[in-house]
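Worksheet: one structure, shown below.
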Amino acid sequence: MAHAPALTLTGTASFGGETIFRDIRLNIAGGQWTCLLGASGIGKSTILKIFAGLTDGLELDGTASAADGGLKGRATLLAQNDMLLPWLNVQNNVLLGARLRGERPNKVRSQEILTKVGLVGKADTKPNMLSGGQRQRVALARTLMEDRPIVLLDEPFSALDALTRIRMQDLTAELFQNKTVLLVTHDPGEATRLGHAIKVMTSSGIEDFNPPQGKVPRPIDDLDVLTTQASLYSRLREPTV
Amino acid sequence: MKKLVGVVASALVALIVWQVVITTTSLPRFILPGPGLVGQTLWENRLLLTEHALITISEVVAGLVLGACIGAFSAVFLASSLVARTLIGPIFVFSQAIPVFALAPILTLWFGYGLGSKVAMALLIIYFPVTSSFFDALMRTNRDWLDLARIMGGSPMHIMWHIRIPAALPGLASGLRLAAVYAPIGAIIGEWVGASKGLGYLMLLANGRAKTDLMFAALIVLALFTIILHASVNKLANKVVD
């Protein structure tokens with residue numbers, strides 16, 4: 001597996017002359033899960049876009065880099081919207097990246113990955129025949145298939161029902177071990193279960209928040225996790241300066 | 001089945017209204033022949049009508065296939081190149097300000113009295129609707145899919161083939177549905193301007209000799225063909241989109 005690098009983002013970003021965030025400094029440890037929380041519109045998704053290389057029209061006065069070099073072609077994105085192509089079956093959705101790069105699709109590996117995410121026997125199914133949770137599993141499989149060292153997660157579980165969400169968190173944490181993961185979320189419960197590091201973004205910058213003890217994914221009913229979750233809620237409700 | 005009953009019923013209503021107009025106004029038959037007479041003429045001239053219809057059908061089908069292919073190809077070309085859009089886009093729009101009908105005489109001069117000029121007419125008349133509806137759809141690809149493709153490191157050519165074209169097929173399909181209705185118009189106008197065969201030629205000939213019943217018979221054959229063509233293209237388009 002490719003080495004998972006630490007990431008750094010510093011500076012000010014603007015879009016069409018309008019500042020999105022100013023003078024931030026974000027350090028993300030390599031090979032770990034970092035959860036980023038903060039109010040809507042504060043610029044969390046912009047950070048993901050910068051790391052993903054989707055910088056059309058976006059101006060960054062500063063730097064975004066991986067500790068061991070460039071970012072190009074090293075990140076993959078899993079978002080709330082599964083972005084499955086409705087005319088392709090599950091297997092071909094998973095193999096999309098290879099097709100788009102003009103590579104020979106590795107069907108054996110896609111079958112292994114579909115087995116890992118619990119979609120055995122669904123390879124020929126079209127996305128519209130799947131439930132929301134299953135669709136997100138396909139998107140997860142497509143992300144795994146890309147096998148990139150940096151994984152960007154943009155509220156990937158927020159559209160799922162509570163129980164499905166917990167199962168997906170466990171599965172994703174297991175499958176993206178040892179990768180550099182940046183998870184943008186609105187859910188303090190999710191952040192306290194999954195984050196090796198938790199960061200809160202406000203208009204005045206990005207601050208660290210101490211995560212609970214224990215191995216990720218942390219149990220949902222652990223007292224320490226629940227207490228941390230409660231104090232993270234309080235932290236997020238504090239008025240920003 | 002229910003749909004078929006509806007079609008038959010509405011055809012019956014139209015025939016009754018037609019007959020009532022004939023009976024009450026007692027118009028001479030060279031102005032408006034009755035349904036009975038037109039039916040009789042249709043049957044008596046079935047061989048003549050078939051012969052001319054086959055000509056028109058081949059013109060329309062050839063024009064439709066060529067126009068659809070060239071139109072689809074142009075749309076993909078314009079959608080994939082900013083330079084092409086900038087250079088050719090304005091010419092493309094300007095060319096549409098020329099009524100295609102006005103080109104019929106020159107097309108006859110260029111391509112002769114035979115099939116060529118009519119195929120060209122049908123092609124030209126459907127080219128714009130096919131190109132523009134497919135092109136518009138190609139330019140409206142879901143932003144998220146394009147972002148995903150870029151993160152995956154896809155090349156523009158592969159993104160076009162695997163994402164933009166499949167996503168735009170409904171646009172192509174609606175262009176083709178329009179084309180199925182327009183193509184016969186093009187072929188008929190081509191025949192009016194200069195031909196020695198085809199339903200349009202036959203209609204003009206019948207009209208000139210006050211054989212209005214034959215004119216109507218040819219018109220009915222043409223309308224039936226257009227309906228069948230539209231239904232087939234529609235079926236094909238739905239299959240492609242599905």
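Just so we're on the same page: letters track the sequence lines, and every chain starts at 1.
- Taking both residues in full, the closest heavy atoms of A/Met83 and B/Asp144 are given as SD-O, 3.4 Å, listed atom of the first, atom of the second, then distance.
- No more than 12 heavy atoms of other residues, nucleotides or ligands sit less than 6.0 Å from atom NZ of A/Lys49.
- Closest of all the heavy-atom pairs between B/Ile151 and A/Ala75 is CG2-O, 3.4 Å.
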A/Leu77 and B/Asp147: side chain to side chain contact (heavy atoms under 4.5 Å, CB included), yes or no, with the steps? CA-CA 10 Å; A/Leu77 174 72; B/Asp147 282 349; 6.0 Å; no
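- In A/Glu59, the CD atom is not crowded: 12 or fewer heavy atoms of neighbouring residues, nucleotides or ligands sit closer than 6.0 Å.
- The main-chain N or O of B/Met152 is found under 3.5 Å from a side-chain atom of A/Arg101 such that the two form a donor-acceptor pair.
- There is no contact between B/Leu169 and chain A, counting heavy-atom distances below 4.5 Å.
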As a quick check of understanding, evaluate side chain to side chain contact (heavy atoms under 4.5 Å, CB included) for B/Ile159 and A/Leu100, giving each step before the final call. CA-CA 6 Å; B/Ile159 293 175; A/Leu100 290 178; 4.1 Å; yes
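- Here the closest non-hydrogen pair linking B/Arg150 and A/Thr55 is NH2-N, 4.4 Å.
- Counted within 6.0 Å of CZ on B/Phe225, heavy atoms from surrounding residues, nucleotides or ligands total more than 12; the atom is thus considered enclosed.
- Under a cut-off of 6.0 angstrom, the local environment of CZ in B/Arg46 is crowded, with over 12 non-hydrogen atoms contributed by other residues, nucleotides or ligands.
- Surrounding CZ of A/Phe51 are more than 12 heavy atoms belonging to other residues, nucleotides or ligands, all under 6.0 Å away.
- Under a cut-off of 6.0 angstrom, the local environment of CZ in B/Phe92 is crowded, with over 12 non-hydrogen atoms contributed by other residues, nucleotides or ligands.
- Within residues 108-146 of chain A, the residues having any heavy atom under 4.5 Å from a heavy atom of chain B are, by residue number, A/Arg142, A/Glu146.
- Contact of the A/Asp56 side chain with the B/Arg143 side chain is registered, since non-hydrogen atoms from C-beta on lie closer than 4.5 Å.
- Close approach to chain B, defined as a heavy atom under 4.5 Å from one of its heavy atoms, is seen in A/Leu84, A/Leu85, A/Pro86, A/Trp87 of residues 84-95 of chain A, taken by number.
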